[in-house]
Asks: 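One structure is given below, represented as structure tokens, and several questions about it will come after.
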Amino acid sequence: MAVRSWLFVPGDSEKKLDKVAGTAADVVILDLEDSVAADNKAKARAMAGTWLAAHRPQVTDGKRMGRWVRINALDSRQWRDDLVAVLPGAPDGIMLPKSAGPESIQQLGAELYELEPRAGLQAGSIRILPLVSETAAAAVSIPSYASASLPRLAGLTWGAEDLSAAIGATRKRDKDGQWTDAFRFARTQTLLTAHARGIMAIDTLHADFADDKGLKRAAEAARADGFAGMLAIHPAQVAIINAAFSPSEDELAEARAIVDAFKSNPDAGTLQIDQRMIDRPHYKLALRVLGLEE
Ligand code: COA
Ligand code: MG
């Protein structure tokens, strides 16, 4: 499953739910949390369940849209009801907001083990993607996800909005548009911890959805930094993110040349192409660009 663009859709918006399957998003996240007002929580979870039942996994043009649900946080009264409502629709995974650390994943995982068989699903089949930076305490303990036993953990992602409210930050970016230190720290830890574990790192959303240029810059930087994909909030962001996370023809050609060079010289540790030194890390990166990781 491609994981470049993860498009949020508010679970209580019939209009947006109708639209989302027609986008080129790699993954849709039906949101039951922050984009849904308290009075609409029950309606949203029922609508999300209906959407999942009506949009069974299907392969179009060789790819299948991922179907995920963001439930409410574990300190709410909503999250168990959310799971009960959406599991019969067999989502690929659950996004967990305000995750406090590995113990939150374990708590959610235990509930999923109870509910999966009742929904006719294989035990352990539902994956989890936590938002790891939404409180200050969570943001300073991101590395704890690196080695805990968390078989359902599919990746890590982070968010700036809740963290800025939590720490009273009146800005998230500096005058050049770069994340300020607290946010950069959370982003970097998310990236490195995900790689330390060998799972995907998903970068946070670009909130200004009319700012195509800024989004392109952010998405290209995210891919160049080692993220596998990025969150989105508006259908217009999807094509920009998908393009930024797809290797260019030049990159593909270079990666093929590196892989071919090592395949023809299997005993070589270091080679040269066009007077440039290439060694094993280049080979590894080239395989990754070609989607051929060993
Ligand atoms: N998913 C599916 N369709 C969406 C969408 C989304 N996330 N966001 C907008 N659309 C639809 C709109 O309904 C509109 O449809 P129409 O052309 O049939 O009228 C079209 O795309 C263009 O939308 P636009 O008018 O530019 O935006 P808007 O004012 O309707 O909505 C937001 C702006 C930010 C409220 C909206 O994009 C949104 O709800 N995003 C998701 C928010 C969310 O889930 N947040 C949680 C994560 S932080
Ligand atoms: Mg939030």
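When reading the values below, keep in mind they use all heavy atoms of this one structure, side chains included, and skip hydrogens, waters and symmetry mates. Order of listing sets the numbers, starting from 1, for every ligand and every atom in it.
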Asks: Determine, stepwise, if the pair R173 / D208 fulfils salt bridge (Lys or Arg N to Asp or Glu O under 4.0 Å).
Replies: CA-CA 13 Å; R173 294 177 182 276; D208 183 354; over 6 Å; no
Asks: Show the atoms of ligand 1 that are less than 4.0 angstrom away from any heavy atom in I233.
Replies: 6 (C), 7 (N), 8 (N), 37 (O), 38 (C), 40 (N), 41 (C)
Asks: Under 4.0 Å from any heavy atom of D31, which atoms of ligand 1 are there?
Replies: 46 (C)
Asks: Could you tell me the residue and atom name of the protein heavy atom closest to atom 5 (C) of ligand 1, and the distance to it rounded to 0.1 Å?
Replies: P235 CD, 3.3 Å
Asks: Does H195 use its side chain to pair, donor to acceptor, with the backbone of L192 at less than 3.5 Å?
Replies: no
Asks: Report the part of K16 in contact with ligand 1, treating N, CA, C, O as backbone and CB onward as side chain, heavy atoms under 4.0 Å; options are side chain, backbone, both, neither.
Replies: both
Asks: Any carboxylate oxygen within less than 4.0 angstrom of a Lys/Arg side-chain nitrogen, looking at E254 and R276?
Replies: yes
Asks: For atom 28 (P) of ligand 1, is some protein heavy-atom partner under 4.0 Å away?
Replies: no
Asks: Can E251 and R223 be said to form a salt bridge (Lys or Arg N to Asp or Glu O under 4.0 Å), step by step?
Replies: CA-CA 13 Å; E251 277 175 290; R223 172 164 180 269; 3.0 Å; yes
Asks: Output yes when a side-chain donor or acceptor of R67 lies under 3.5 Å from a complementary backbone atom of G89, and no otherwise.
Replies: yes
Asks: Number the atoms of ligand 1 from 1 as they appear, then name those within less than 4.0 Å of a heavy atom of V9, with their elements.
Replies: 1 (N)
Asks: Hey, is atom 25 (O) of ligand 1 touched by any protein heavy atom at less than 4.0 Å?
Replies: no
Asks: Output yes when the distance from some N or O of ligand 1 to some N or O of L7 is under 3.5 Å, and no in every other case.
Replies: no
Asks: Which option out of K19, Q237, H234 puts a heavy atom nearest to atom 23 (O) of ligand 1?
Replies: H234
Asks: Out of all atoms in ligand 1, which are within 4.0 Å of some heavy atom of L205? Include the element for each.
Replies: 48 (S)
Asks: Please state which protein non-hydrogen atom is closest to atom 44 (O) of ligand 1 and give its distance, to 0.1 Å?
Replies: F8 CB, 3.3 Å
Asks: Hydrogens and angles aside, do D203 and W158 bring a side-chain donor and acceptor to less than 3.5 Å of each other?
Replies: yes
Asks: Scan L156, L96, T193 and name whichever one has a side-chain contact (heavy atoms from CB on, under 4.5 Å) with V132.
Replies: L156
Asks: Quick one: pull up NZ in K213 and NE2 in H206 and give me the separation to the nearest 0.5 Å.
Replies: 12.0 Å
Asks: Please write down residue, atom name and distance for the protein heavy atom closest to atom 33 (C) of ligand 1.
Replies: F209 CZ, 3.7 Å
Asks: Can you confirm whether the side chains of R187 and T204 place a donor and an acceptor under 3.5 Å from each other?
Replies: no
Asks: Using a strict cut-off of 4.0 Å, indicate which atoms of ligand 1 neighbour a heavy atom of K15.
Replies: 13 (O), 15 (O), 16 (P), 18 (O), 19 (O)
Asks: What residue and heavy atom of the protein are closest to atom 45 (N) of ligand 1, and at what distance?
Replies: S35 CB, 3.6 Å
Asks: Examine D34 and say whether one of its N/O/S atoms is closer to the Mg ion (ligand 2) than 2.8 Å.
Replies: yes
Asks: For the pair D34 and K98, find out whether any cationic side-chain nitrogen is under 4.0 Å from an anionic carboxylate oxygen.
Replies: yes
Asks: Which heavy atom of the protein is the closest neighbour of atom 42 (C) of ligand 1, given with residue, atom name and distance?
Replies: P10 CG, 4.1 Å
Asks: Backbone, side chain, both or neither: what part of R70 comes under 4.0 angstrom of ligand 1, heavy atoms only?
Replies: side chain
Asks: Please lay out, stage by stage, how R4 and S246 fare under the test side chain to side chain donor-acceptor pair (under 3.5 Å).
Replies: CA-CA 8 Å; R4 300 164 301 178; S246 304; 2.9 Å; yes
Asks: Tell me, please, if D162 has any N/O/S atom, main chain or side chain, under 2.8 Å from the Mg ion (ligand 2)?
Replies: yes
Asks: Quick check: does any side chain N or O of N242 sit under 3.5 Å from a backbone N or O of A24, one acting as donor and the other as acceptor?
Replies: yes
Asks: Which one holds for L231 and ligand 1: side chain close, backbone close, both close, or neither close, with close meaning a heavy atom under 4.0 Å?
Replies: neither
